[in-house]
Amino acid sequence: MLGPLLVLSAALRIAVNNVVAYSRADETVYLLYAKTGYPGIVRMFVDDPGMWVLPNPLRWSWIEAISAACSLAGECTHRTVASLSTAAGIAVVGLTWLIARELFGSQAGLAATALAATSPLQLALGRRALADEFFCAAVLASIATLLLFVRTRHYGWLAAWIAVTTIAIAAKEQFLFIYPIILFFWWLRSRRVGTAEAAAWVAPPFLFFAVYCALARDLPSFFRIVRIITSSMTAPYAQQYQIGPPHRLLLDLLAVAPIVTIVALGALTTAALRTSTSELRHIALLAAGMFAMHALLPSQNLRYIAPVDPLLRILAAAFLAGGREAPKWMPAMLLVILLINAVAELALFHQIFVAGQVYDPVTDNLLRALKMLPR
């Protein structure tokens, strides 16, 4: 079943990679970066205050990835960058399966894959020339390699974790906000941290900084850019569209993926009551911590919590699969729920992101696309 699900997920993502109008802001800036040498990108950003609210050059893994994609494609267009997001979206489905299987077994892994296949948020981000789906894949790869290392104690997985975690930081610097939460999740899964692990925890931030300096050939610019981007948290767009009460992001998730969100909340409740397995409690803490970090900052935008979406689907899948003590009729009921959810989510994806042409999934745009606010 896994093979057909992955093929279906890939086909669906390739089919919806058909955007014709791209943003003149972030998407076009990334395209400009791909066509410019890295030191030139840094100088252009630092010297032009008008760019300070746009994507910054610290995102070197994404910038270098799109530059490589342009070289391979022989052209550098918005569609080239969006196709890289599509490839990352396909990887997200596979990584969702891997994490779910490592924690909950094959049945929950298949259910999580089926839920991930039709995620409206992932489908939407996978067709845009933005860093978010690439970032989501890198975060999931960090979690997956972490789990594989904890289970096998093979240092090849530890090296892989350092590499993909560095890529995640360098895709979107906001990863540093959730880095302590991922390390806490590691401690929960392992309960022991040796010298090698402690060194590994320090390595990704150091490598992020070191590779930036090598690419930019400029040490002081790193700290200048850090000061610039920390001040952008109070930019007009963030103040107008990305602030609100902590539960605002939950309302957005309910708007985009109501069934999965409700079931995941049931799983979170079970975890909070400590009537669940340790695996469910640990992944619930990871998802809730990542969610809370952005819920408390002026960054309440579903794009910024893209990695939480697969984790909620894993929670929902584990909750629905029910484990070994599930009644015999549960697989049939699970299949019915998965089919209903797929139909509902594909309809929501079409209404919000295709017919509604939502580019940035903030509350205002989502509610207008769902006709809950006047246009």
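If you're wondering where the values come from, they're calculated on a predicted model, not measured in any experiment.
- Looking at every heavy atom in both residues, Leu312 comes nearest to Ala264 through O-CB, 3.6 Å.
- Defined by atom type and a distance below 3.5 Å, a donor-acceptor pair is present between the side-chain atoms of Tyr30 and Arg59.
- Side-chain contact between Thr165 and Phe175: present, with at least one pair of heavy atoms (C-beta onward) separated by less than 4.5 Å.
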Can you list, pair by pair, the side-chain donor-acceptor contacts under 3.5 Å of residues 177-189, counting residues two or more places apart and other chains?
from, atom 1, to, atom 2, distance (Å)
Tyr179, OH, Trp201, O, 2.5
Arg189, NH1, His282, ND1, 2.9

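- Side-chain contact between Thr96 and Leu311: absent, with no pair of heavy atoms (C-beta onward) separated by less than 4.5 Å.
- One distance of note links CG of Leu280 with CG of Leu103; it measures 9.5 Å at 0.5 Å rounding.
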Q | Derivation and outcome, side-chain contact (heavy atoms from CB on, under 4.5 Å), residues Leu110 and Gln107 | A | CA-CA 5 Å; Leu110 288 173; Gln107 183 169 318; 6.0 Å; no
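- You'll find the side chain of Leu140 reaches within 4.5 Å of the side chain of Pro310, heavy atoms only.
- Hydrophobic clustering (side-chain heavy atoms under 4.5 Å, transitive across Ile, Leu, Val, Met, Phe, Trp, Tyr) keeps Ile90 apart from Leu95.
- Remark: Arg13 pairs with no residue by the salt bridge (charged side-chain N to carboxylate O under 4.0 Å, His left out) rule, at least two apart or across chains.
- One finds the CD1 atom of Ile228 at 4.5 Å from the CH2 atom of Trp52 (value rounded to the nearest 0.5 Å).
- Considering only heavy atoms from C-beta on, Leu84 comes within 4.5 Å of Trp62 through its side chain.
- The neighbour count for Arg191 CZ, taken as heavy atoms of other residues, nucleotides or ligands under 6.0 Å away, is above 12.
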Q: Output, in order, the C-alpha distance, side-chain angles, deciding distance and verdict of side-chain contact (heavy atoms from CB on, under 4.5 Å) for Tyr304 and Gln242.
A: CA-CA 10 Å; Tyr304 300 161; Gln242 296 180 173; 3.4 Å; yes
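- Under the 3.5 Å distance criterion, the side-chain polar atoms of Ser119 are left unmatched by any main-chain donor or acceptor of Leu115.
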Tell me which donor-acceptor pairs under 3.5 Å the side chains of residues 122-139 have, and how far apart each pair is, sequence neighbours excluded?
from, atom 1, to, atom 2, distance (Å)
Gln122, NE2, Ala306, O, 3.1
Gln122, NE2, Asp309, OD2, 3.3
Arg127, NE, Val16, O, 2.8
Arg127, NH1, Phe353, O, 3.4
Arg127, NH2, Asn18, OD1, 2.8
Arg128, NE, Glu27, OE2, 3.0
Arg128, NH2, Ala21, O, 3.4
Arg128, NH2, Glu27, OE1, 2.8
Arg128, NH2, Glu27, OE2, 3.4
Asp132, OD1, Lys172, NZ, 2.7
Asp132, OD2, Arg303, NH1, 2.7

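- Transitive grouping of hydrophobic side chains (ILVMFWY, heavy atoms separated by less than 4.5 Å) brings Phe45 and Leu219 into a common cluster.
- For the ring-ring contact (aromatic ring centres under 6.0 Å, His included) condition, the pairs that include at least one residue of residues 78-121, sequence neighbours left out, are Tyr22-His78.
- A side-chain donor from one of Ser221 and Tyr212 sits under 3.5 Å from a side-chain acceptor of the other.
- With sequence neighbours left out, Gln240 forms a side chain to side chain contact (heavy atoms under 4.5 Å, CB included) with no residue at all.
- Residues that satisfy the ring-ring contact (aromatic ring centres under 6.0 Å, His included) test with Tyr155, not counting sequence neighbours, are Phe149.
- Environment of OH in Tyr241: sparse, with no more than 12 heavy atoms of neighbouring residues, nucleotides or ligands closer than 6.0 Å.
- For Val46, the side chain to side chain contact (heavy atoms under 4.5 Å, CB included) partners at least two apart in sequence or on another chain are Val42, Arg224, Ile225.
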Q: Decide side-chain contact (heavy atoms from CB on, under 4.5 Å) for Asp252 and Leu367; before the verdict, give the C-alpha distance in whole Å, the side-chain angles of both, and the deciding distance to 0.1 Å.
A: CA-CA 9 Å; Asp252 294 348; Leu367 296 185; 5.9 Å; no
Q: List the steps and the verdict of side-chain contact (heavy atoms from CB on, under 4.5 Å) for Gln174 and Leu297.
A: CA-CA 11 Å; Gln174 69 188 59; Leu297 294 171; over 6 Å; no
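- The two residues Leu98 and Ala144 have their closest heavy-atom pair at CD2-CB, 3.8 Å.
- Leu268 and Leu250 fall within the same hydrophobic cluster, where Ile, Leu, Val, Met, Phe, Trp and Tyr residues are linked whenever their side-chain heavy atoms come under 4.5 Å apart, directly or through other members.
- Taking CD1 of Ile99 as the reference point, atom CD of Glu102 lies at 9.5 Å (rounded to 0.5 Å).
- Side chain of Gln300 to backbone of Gly244: a donor-acceptor contact under 3.5 angstrom is found.
- Both Leu54 and Val226 belong to a single network of hydrophobic side chains, linked directly or stepwise wherever heavy atoms of I, L, V, M, F, W or Y lie under 4.5 Å apart.
- Counting only distance, with no hydrogens or angles, the side chain of Ser61 and the backbone of Ala170 share a donor-acceptor pair below 3.5 Å.
- Considering every non-hydrogen atom in both Ile41 and Thr36, the closest pair reads CD1-O, 3.5 Å.
- Evaluation of the side chain to side chain contact (heavy atoms under 4.5 Å, CB included) rule for Ala73 yields Glu75, Thr80 as partners, not counting sequence neighbours.
- In this structure, CZ on Arg227 lies 8.5 Å from OG1 on Thr230, to the nearest 0.5 angstrom.
- Of the inter-residue distances, the one linking Asn301 atom CG with Asp360 atom CG reads 4.5 Å to the nearest 0.5 angstrom.
- We find the CG-CG distance between Leu320 and Leu335 to be 12.0 Å, quoted to the nearest 0.5 Å.
- Evaluation of the side chain to side chain donor-acceptor pair (under 3.5 Å) rule for Ser83 yields Asn17 as partners, not counting sequence neighbours.
- Judged as a side chain to side chain contact (heavy atoms under 4.5 Å, CB included), and not counting sequence neighbours, the contacts of Cys76 are Leu31, Ala34, Lys35, Cys70.
- The two residues Asp26 and Pro55 come nearest to each other via the heavy atoms OD1-CD, 3.4 Å.
- Two residues are said to be in side-chain contact when any heavy atoms from C-beta on lie closer than 4.5 Å; Asp218 and Pro39 fail this criterion.
- Counting all heavy atoms, side chain and backbone alike, Leu58 lies closest to Phe208 at O-CE1, 3.3 Å.
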Can you give the donor-acceptor pairs under 3.5 Å from side chains of residues 284-292 to other protein atoms, not counting sequence neighbours?
none

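- Residue pairs meeting the salt bridge (charged side-chain N to carboxylate O under 4.0 Å, His left out) criterion with at least one member in residues 338-350, sequence neighbours excluded: Arg313-Glu345.
- Minimum interatomic distance between Ile162 and Pro204 (heavy atoms only, all atoms of both residues): O-CG, 4.1 Å.
- Taking hydrophobic clusters as Ile, Leu, Val, Met, Phe, Trp and Tyr residues chained together by side-chain heavy-atom distances below 4.5 Å, Val92 does not share a cluster with Val7.
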